Protein chains: 2
Amino acid sequence: MQTATSKASLSVANSAAPYGLRVVENCADCSARQKTLFCRMSVETMRELNMIRQTALYPASAVLFVEGEMPRGLFVLCSGEAKLTAGSKQGEAIILRLVEAGELLGLSSLIAGSSYAATAETLTPAQVAFIPARKFQRFLRTHPDVALRVAEHLSMELHKSWEQARLLALAPSTRSKLAQLLLEWANEHGKTEEEGVCVPFHMTHEEIGRIIGASRETVSRLLSDFKRRRLIRVKGSSVYLVPEELRAAAI
Amino acid sequence: MQTATSKASLSVANSAAPYGLRVVENCADCSARQKTLFCRMSVETMRELNMIRQTALYPASAVLFVEGEMPRGLFVLCSGEAKLTAGSKQGEAIILRLVEAGELLGLSSLIAGSSYAATAETLTPAQVAFIPARKFQRFLRTHPDVALRVAEHLSMELHKSWEQARLLALAPSTRSKLAQLLLEWANEHGKTEEEGVCVPFHMTHEEIGRIIGASRETVSRLLSDFKRRRLIRVKGSSVYLVPEELRAAAI
DNA sequence: CCCGGGCTGTGATGCGCATCACGTTGTTCG
DNA sequence: CGAACAACGTGATGCGCATCACAGCCCGGG
């Protein structure tokens with residue numbers, strides 16, 4: 001039943017929840033749904049979708065699928081975080097995109113009928129719903145409006161990808177790339193507090209480097225420098241930052 | 001009727017063909033159609049599509065749409081070549097993608113209902129069909145199978161974009177990026193001849209630099225070097241290259 | 001025809017960042 | 001609770017490529 005491989009052992013819904021996760025049994029109850037492809041669906045359609053999905057729980061750094069495999073279905077990240085990476089033969093890999101709760105994994109490859117262009121791996125313990133390819137395709141054919149929403153969704157993904165390319169290619173320096181990345185994160189997940197914008201932060205310097213195309217050491221040095229200049233302040237696993245000042249640093 | 005702005009003057013189908021282009025009157029006769037989104041459509045569907053499209057001719061380096069504008073329709077590049085670029089405030093721009101005859105321009109923004117994320121500009125004289133947004137949306141709603149093909153198409157675009165990111169980020173040197181770019185072009189448009197693979201070549205060193213993120217001078221130097229090492233040979237506006245050797249150079 | 005503007009080749013110079021190297025601080029286990 | 005390992009901080013060094021500078025080149029237009 002399961003196509004996914006995992007570094008760690010695999011676990012299935014309805015077992016006693018491991019990894020400290022609470023399992024959401026029904027898509028209709030899922031708080032993440034509002035943000036996704038499947039928002040604004042009729043109750044009836046929702047029920048249909050609920051019928052054809054299976055749920056699994058994964059630990060952190062579990063591999064959902066690997067670049068080059070053929071897709072056997074669609075993954076929905078119900079909770080937790082994941083990353084999409086692309087590797088070279090020599091083993092290095094870049095992070096193409098971070099994926100948050102409510103987002104889909106592997107949609108484009110499934111739709112295009114081609115092999116996965118990236119590897120998906122969880123960053124935190126995560127609940128993941130799986131919809132087998134056949135059933136999803138039948139669902140699409142019987143719900144033309146959803147097909148259009150899929151197209152919309154893919155368009156937005158494409159734009160994000162271009163945005164990323166712009167970030168990487170147009171920034172004059174690594175310093176600027178890092179500053180812009182922080183600002184982007186602040187925009188997406190930041191909460192404004194009196195000290196500045198607070199951003200949760202569970203990513204190693206190594207991984208940040210793989211996003212902006214820099215070495216671990218450079219990321220380390222730049223972050224130190226940002227701290228020294230009071231552009232950011234680290235508290236536990238959160239970063240407080242002052243958007244205006246940081247933007248200025250992103251020459 | 002026209003939304004496009006252009007550095008040069010605008011011209012409309014049925015006028016005496018300027019820019020040395022032959023005008024294709026009917027989509028069904030278009031040789032580029034086979035490769036596109038609209039291949040394998042029924043004659044009837046094709047006729048419908050033909051009804052709602054308008055054709056225009058543009059000179060080289062005409063701007064079809066600009067980053068930030070709202071899309072007013074879909075462009076189909078019937079003949080010629082174009083590029084998609086993304087710019088920074090400071091005026092620099094990168095080339096996100098080259099677009100060939102038969103491909104679509106602005107599909108993702110139209111579908112997503114968002115403003116253009118890139119600027120489209122012709123590289124050669126080109127014939128362009130235009131389908132107004134409203135009519136295209138109606139067409140999509142009445143042809144659910146086409147909506148799915150649109151999704152497929154967008155998926156492939158997304159994969160190309162990732163492929164580009166991989167090229168840029170994983171290559172160890174500019175030298176390698178350039179070699180890989182040439183190989184990619186050889187794959188897509190190359191014709192194998194006795195001298196090696198022949199690739200048509202109408203792009204300045206400056207523009208190549210904007211694709212791989214390098215300066216004009218570096219591109220110049222690297223190409224010279226490739227010539228010296230007999231990895232490529234320039235003849236007129238074509239490049240002959242030996243894939244195997246070049247691949248080796250792409251350390 | 002020759003003149004001017006865009007493209008191209010190639011040197012000299014300097015800076016940014018990868019890389020190596022090593023010490024320090026967490027953090028997860030038996 | 002301490003061992004073992006991963007993530008972090010920071011110095012020294014060198015290479016790659018941007019940048020500046022200027023000299024041929026090709027082509028179209030007055």
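All figures in this text were calculated on a predicted structure; none of them were measured in a lab. Below, chain A is the first sequence line, B the second, and so on; all start at residue 1.
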Of all the choices, C/dC17, C/dT8, D/dC17, which nucleotide is nearest to the side chain of B/Thr174 once you look at every atom? D/dC17
Strictly below 4.0 Å, N to O, side chains only: are B/Lys160 and B/Glu103 in salt-bridge contact? yes
Taken to the nearest whole Å, CG/B/Leu178 to C1'/D/dG16 is 15 Å
Side-chain contact check for B/Ser173: nearest option of D/dT10, C/dA18, D/dC17 is D/dC17
Which nucleotide wins on minimum distance to the side chain of A/Ser224, given the candidates D/dT10, D/dA18, D/dA7? D/dT10
Which is more 5' along DNA chain D, the nucleotide nearest B/Leu222 or the one nearest B/Glu217? Just name the residue. B/Leu222
With the side chain defined as heavy atoms from C-beta on, A/Arg221 is closest, among D/dG11, C/dG9, D/dT19, to D/dG11
Specify the separation, in whole Å, of atom CD of B/Glu206 and atom C1' of D/dT19. 13 Å
B/Gly213 near the nucleic acid: base, sugar-phosphate alone, or nothing, with a heavy-atom cut-off under 4.0 Å? sugar-phosphate
Which listed nucleotide (C/dT19, C/dT10, D/dG9) is nearest to the side chain of B/Ser220? C/dT10
Report the distance from atom CZ of B/Arg175 to atom P of D/dC17, rounded to the nearest whole Å. 9 Å
Examine the side chains of B/Ser176 and B/Ser173 and answer whether a donor and an acceptor come within less than 3.5 Å of each other. no
Indicate yes or no: at least one non-hydrogen side-chain atom of A/His159 is less than 4.5 angstrom from one of B/Ser114. yes
Between D/dC17 and B/Ser215, is there an OP1 or OP2 to side-chain N/O distance shorter than 4.0 Å? no
With a 4.0 Å limit, can you tell me whether A/His205 has a side-chain N or O closer than that to the phosphate oxygens OP1/OP2 of D/dG9? yes
Which part of the nucleic acid, if any, lies within contact of B/Lys177, taking any heavy atom under 4.0 Å across all strands shown: a base, the sugar-phosphate backbone alone, or nothing? nothing
Between A/Phe75 and A/Phe65, how do the two ring planes meet: parallel, tilted or perpendicular, split at 30° and 60°? tilted
Taken to the nearest whole Å, CZ/B/Arg216 to C1'/D/dC25 is 12 Å
Whole-Å distance, A/Phe226 CZ to D/dG9 C1', equals 16 Å
May I ask you to decide whether B/Asp225 forms a salt bridge with B/Arg221, counting only side-chain N to carboxylate O separations under 4.0 Å? no
Take atom CD1 of B/Ile232 and atom P of C/dT8, then tell me their distance rounded to the nearest Å. 12 Å
If each of B/Arg228 and A/Val219 is mapped to the nucleotide of DNA chain C with the nearest heavy atom, which maps nearer the 5' terminus, i.e. the 5' end? B/Arg228
To the nearest Å, give me how far apart CD1 (B/Ile208) and C1' (D/dA18) are. 18 Å
Of the listed nucleotides C/dC17, C/dT10, D/dC8, the one nearest the side chain of A/Thr218: C/dC17
Round to a whole Å and report the spacing from NE2 of B/His202 to P of C/dC7. 15 Å
